[in-house]
Number of protein chains: 2
Amino acid sequence: MTPSSPEPKAALLGQLYELFRRKGYDGVSIGDISAETGLGRSSLYHHFPGGKAEMAQAVLAFTRTTMEANFLAPLSSDAPLPARIGAMLVAVDRAYQSGEGPCVLAALLSASDDGPLSAGLAQLFQDWAAAIAASLTQAGVDAAEARRRAITALALIQGGLIIARGLKDRSAFAAALAAANATLVRAAA
Amino acid sequence: MTPSSPEPKAALLGQLYELFRRKGYDGVSIGDISAETGLGRSSLYHHFPGGKAEMAQAVLAFTRTTMEANFLAPLSSDAPLPARIGAMLVAVDRAYQSGEGPCVLAALLSASDDGPLSAGLAQLFQDWAAAIAASLTQAGVDAAEARRRAITALALIQGGLIIARGLKDRSAFAAALAAANATLVRAAA
DNA sequence: GTCTATAGATCGATAGAC
DNA sequence: GTCTATCGATCTATAGAC
């Protein structure tokens, strides 16, 4: 209803996304967010009356949107399997800056055991795994094997981010992505 | 010098290890630690004058000891490669309770970008990767390929923990461990 | 070596003016 | 929709008795 704000929230959501991703749920404070966005505390609570928890859920919804557009959509094209997988992995490499920073899903997972975020996170991981598996079954891979490979690939992506950051060696993320690609495109079991 | 304390710190360290592992560096407070250990705040600062940061570094040293004993030592035995790898993965599965909880390295990594913990964490990841790679080269795998496989396996372990927790499905961790095993023991490149 | 008590800073969140 | 000002709780850390 307020005509002055078509969608200023989009930029704000992007800033929240980056903050939660880099510092984790517990590591980011309202003061951090206020400093980063230039908005006062009360302005933030105007947009998110539920406070930090509501901000995290908004970030999760934002993540779902961008993930569906960047990771899942390429998997549904009618291109050959290697092209579909390659497109997803290129998007993943870009989204995570070649291993520079953490994944927002892992960052939110740290503090969400049985919290309200937990269900949404599980659904997002599940949808990602299902989209990869569906892409494999369409190429003739057995369903159970497709799910195993999808989970292996997701573990390689997430673990690759951790190892690259732990080792301070971004090439470890590239190696993990290469392994994920090999797992997903090798001949049907 | 105090005769009354041969090593009461061992139990304390184990409690700190579990707290940091499960809640992460940012997620654990001195109050949490006081409640969990039954020690007052001042007692904790008596043992760790540097506060939370010193506790985290003590946990890191504790982790190094247990990791060397449980993960790295089996890799140096004179058993065949599959037995050595299998022994490490069994120890990994046990240490992480089959995917129930996070790895303390990932938990400490979240808040350690360029912090004093960062170097110690990198060394621990590096030593782990080097031990795995050495085990492979001893079995005839090319050095560069051995390192790639070691990094892939570590990514699978770390990522498997994240995916299993995210999906709330511990079998995802088992699948990641199986993939790590396959990567490490398959025929030399 | 552990305790009670508390300082000083920062936390998440709110009130109310504009 | 943003601001200033602030509340009460919690945080890390310290002081000092025992």
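Below, chain A is the first sequence line, B the second, and so on; all start at residue 1.
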- [ ] Could you state the atom-to-atom distance from CG of B:Leu44 to C1' of C:dT4 in whole Å?
- [x] 15 Å

- [ ] Please state whether the phosphate of D:dC11, meaning OP1 or OP2, lies under 4.0 angstrom from any side-chain nitrogen or oxygen of B:Ser29.
- [x] yes

- [ ] With the side chain counted from C-beta on, respond yes when B:Lys168 and A:Asp114 share a heavy-atom pair under 4.5 Å apart, and no when they do not.
- [x] yes

Open item on the list: So, OP1 or OP2 of C:dC3: does either fall under 4.0 Å of a side-chain N or O from B:His46?
Closed with: no

Open item on the list: Is the phosphate of C:dG1 approached by B:Ser43 (side-chain N or O, under 4.0 Å from OP1 or OP2)?
Closed with: no

Open item on the list: If hydrophobic clusters are built from ILVMFWY residues whose side chains come within less than 4.5 Å, do A:Leu156 and A:Leu136 share one?
Closed with: no

Open item on the list: My validator wants the stems of DNA chain D: runs of 3 or more consecutive Watson-Crick or G-U pairs, both distances under 3.5 Å, written as range with range.
Closed with: C:1-18 with D:1-18

Open item on the list: Can you measure B:Ile33 atom CD1 to D:dC11 atom P for me and round it to whole angstrom units?
Closed with: 11 Å

Task: Any donor-acceptor N/O pair, B:Lys23 side chain to A:Ala111 backbone, under 3.5 Å - done: no

- [ ] For residues B:Phe48 and B:Leu12, determine if any side-chain heavy atom of one lies less than 4.5 Å from a side-chain heavy atom of the other.
- [x] yes

- [ ] Please answer whether the main-chain N or O of B:Leu75 pairs with a side-chain N or O of B:Ser135 as donor and acceptor at a distance below 3.5 Å.
- [x] yes

Open item on the list: If you take any heavy atom closer than 4.0 Å to DNA chain D, which residues from residues 51-63 of chain B end up in contact?
Closed with: B:Gly51, B:Lys52

Open item on the list: Return whichever of A:Ser42 or A:Val28 has its heavy-atom-nearest nucleotide of DNA chain C closer to the 5' end.
Closed with: A:Val28

Task: Flag for A:Arg41-A:Ser34: side-chain donor and acceptor within less than 3.5 Å - done: no

- [ ] Specify the separation, in whole Å, of atom CD1 of B:Ile30 and atom P of D:dT14.
- [x] 11 Å

Open item on the list: Short of 4.0 Å, heavy atom to strand atom, which residues of residues 18-25 of chain B count as contacting DNA chain C?
Closed with: none

Task: Given D:dG1, C:dT2, D:dT14, the nucleotide with the shortest approach to the side chain of B:Tyr45 - done: D:dT14

TODO: For the pair B:Arg84 and B:Asp78, find out whether any cationic side-chain nitrogen is under 4.0 Å from an anionic carboxylate oxygen.
DONE: no

TODO: Whole angstrom is fine here: how far is it from CZ in A:Arg41 over to C1' in D:dC7?
DONE: 12 Å

Task: Interatomic distance, B:Phe48 CZ vs C:dG1 C1' [rounded to whole Å] - done: 13 Å

TODO: Identify whether the distance between the nearest side-chain nitrogen and carboxylate oxygen of B:Arg64 and B:Asp127 falls below 4.0 Å.
DONE: yes

